[in-house]
Structures are given as C-alpha cells and as structure tokens.
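Just follow the structure's listing: the first ligand is 1, and inside any ligand the first atom is 1. The model shown is predicted, which means the values in this text are computed figures rather than measured ones.
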Amino acid sequence: MPIDATAPYDDANIFAKILRGEIPCNKVFEDDYALAFHDINPQAPVHVLVIPKGRYVSWDDFSAKAEDRKISGFVRAVGRVAADLGLPAPGYRLLANVGGHGHQEVPHLHVHIFGGRPLGPMLAR
Ligand code: AMP
C-alpha cells in the first residue's frame, strides 16, 4: 500500500526499527550517514537498499530538510555501496520511490540499487 510522503515521520516504520537494531537486516555497509542492506524481496540479482540515518520520510523530505553534510554523506554512501558491489563497470540503476504515484511503501527514504543483469527500459509500459 503506497504511503503519503507528506505525512509526518512514523518512528514505527520497519526501516526505523532496522536502524535502531530492533529487527535484523542483511547489512552490506554502514557509516555515520547511511545503512545499506539487501532487499528482503529482491527484484534483480543485486538489490540493495541504502537508507539515511535520520528521520526522513522520502527524497522530498530529505532534500528539503537535511543538512548539507548529511545529504553529501548519504549520496557518497550510495556511490560507495554500488562501487563495493562491483556495479559501475557493468552498470546499474538507482531508484527512489516517493509517495502514492511513486508507489513508495516504506515511509523512510531509501534508494534502491539494482544490478547484476541488463535491467531493460526505465519504466514498465
Ligand atoms: P518501496 O516500494 O520503494 O517503498 O520499497 C520498499 C522495499 O522495502 C521493497 O522492495 C521491500 O521488499 C523492502 N523491504 C520491506 N521490508 C524489508 C526488510 N525488513 N528488509 C529488507 N527489505 C525490506
């Protein structure tokens, strides 16, 4: 069920629980700004989620409200994870769903990293 990306942050969301260590994840990277882990329902041979450390509902919320160092730290973390996974040479895709039309289901900003095979056209037609 898609969420309303303009709603206040919900501390009970599943990625908030992962950040607090209340439920496990299959971690691939962590630093001061971001946590990356394998998606529980992968859509490609590589499907990793990168989430910022902070209470941000969506890309919209994060880009408007986060401090510059948190934005740069998060963006660099996404690039670092993709590089660590060996994705830059074959290529990969980043995706951040926002709100209803974006079909965002978890109300904590996450960037999907997809790779490991040719990914086809950008959107289903
Ligand atoms: P989105 O539609 O962009 O909000 O994507 C949410 C993603 O989170 C989906 O790809 C889910 O498979 C994934 N997901 C949900 N719960 C978990 C979890 N506990 N651990 C890892 N990935 C999850």
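Protein heavy atom at the shortest distance from atom 4 (O) of ligand 1 is Glu105 N, 2.6 Å. From the protein, the heavy atom lying nearest to atom 2 (O) of ligand 1 is His103 O, 3.0 Å. For atom 1 (P) of ligand 1, the closest non-hydrogen atom on the protein side is His110 NE2, 3.1 Å. Looking only at heavy atoms of the protein, atom 20 (N) of ligand 1 is closest to Ile40 CB, 3.7 Å.
Judged as a salt bridge (charged side-chain N to carboxylate O under 4.0 Å, His left out), not a single pair has a partner in residues 92-112 (not counting sequence neighbours).
Between Phe114 and His47, the two ring planes are tilted [angle within 30° to 60°].
Within the 4.5 Å cutoff, no side-chain heavy atoms of Lys53 are placed close to those of Lys70. Between Phe15 and Leu49, the closest side-chain pair of non-hydrogen atoms falls below 4.5 Å.
Listed by atom number, the atoms of ligand 1 under 4.0 Å from Val106 heavy atoms are 4 (O), 6 (C). The distance from ligand 1 to the heavy atoms of Phe15 drops below 4.0 Å at these ligand atoms: 8 (O), 17 (C), 23 (C). Ligand-side atoms of ligand 1 in range of Asn41: 12 (O), range being under 4.0 angstrom from any heavy atom. Heavy-atom proximity to Gln104, at under 4.0 Å, picks out these atoms of ligand 1: 4 (O). Taking every heavy atom of Asp39 and a limit of under 4.0 angstrom, the matching atoms of ligand 1 come to 7 (C), 8 (O), 9 (C), 10 (O), 11 (C), 12 (O), 13 (C), 22 (N). Which parts of ligand 1 touch His112 is read off a 4.0 Å heavy-atom cut-off, strictly below it: atoms 1 (P), 3 (O), 5 (O), 7 (C), 10 (O). Set against the non-hydrogen atoms of Phe37, the atoms of ligand 1 under 4.0 Å away are 21 (C). Of all atoms in ligand 1, numbered sequentially from 1 with element shown, those under 4.0 Å from a heavy atom of His38 are 21 (C).
Partners of Asp31 under the side chain to side chain donor-acceptor pair (under 3.5 Å) rule, at least two apart in sequence or in another chain, do not exist in this structure.
Put simply, the residue from Asp39, Asn41, Val46 that forms a side-chain contact (heavy atoms from CB on, under 4.5 Å) with Gln43 is Asn41.
A salt bridge links Asp11 to Arg55: one of the charged nitrogens lies within less than 4.0 Å of a carboxylate oxygen.
No N or O atom of Leu49 sits closer than 3.5 Å to an N or O atom of ligand 1.
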(request) Just do the side-chain contact (heavy atoms from CB on, under 4.5 Å) check on Phe74 and Val111 with the steps written out, would you? (result) CA-CA 10 Å; Phe74 179 68; Val111 170; 3.8 Å; yes

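Residues Trp59 and Ala96 come closest through the heavy atom pair CE3-CB, 4.4 Å.
Heavy atoms of Gln43 found under 4.0 angstrom from ligand 1: none, in either backbone or side chain.
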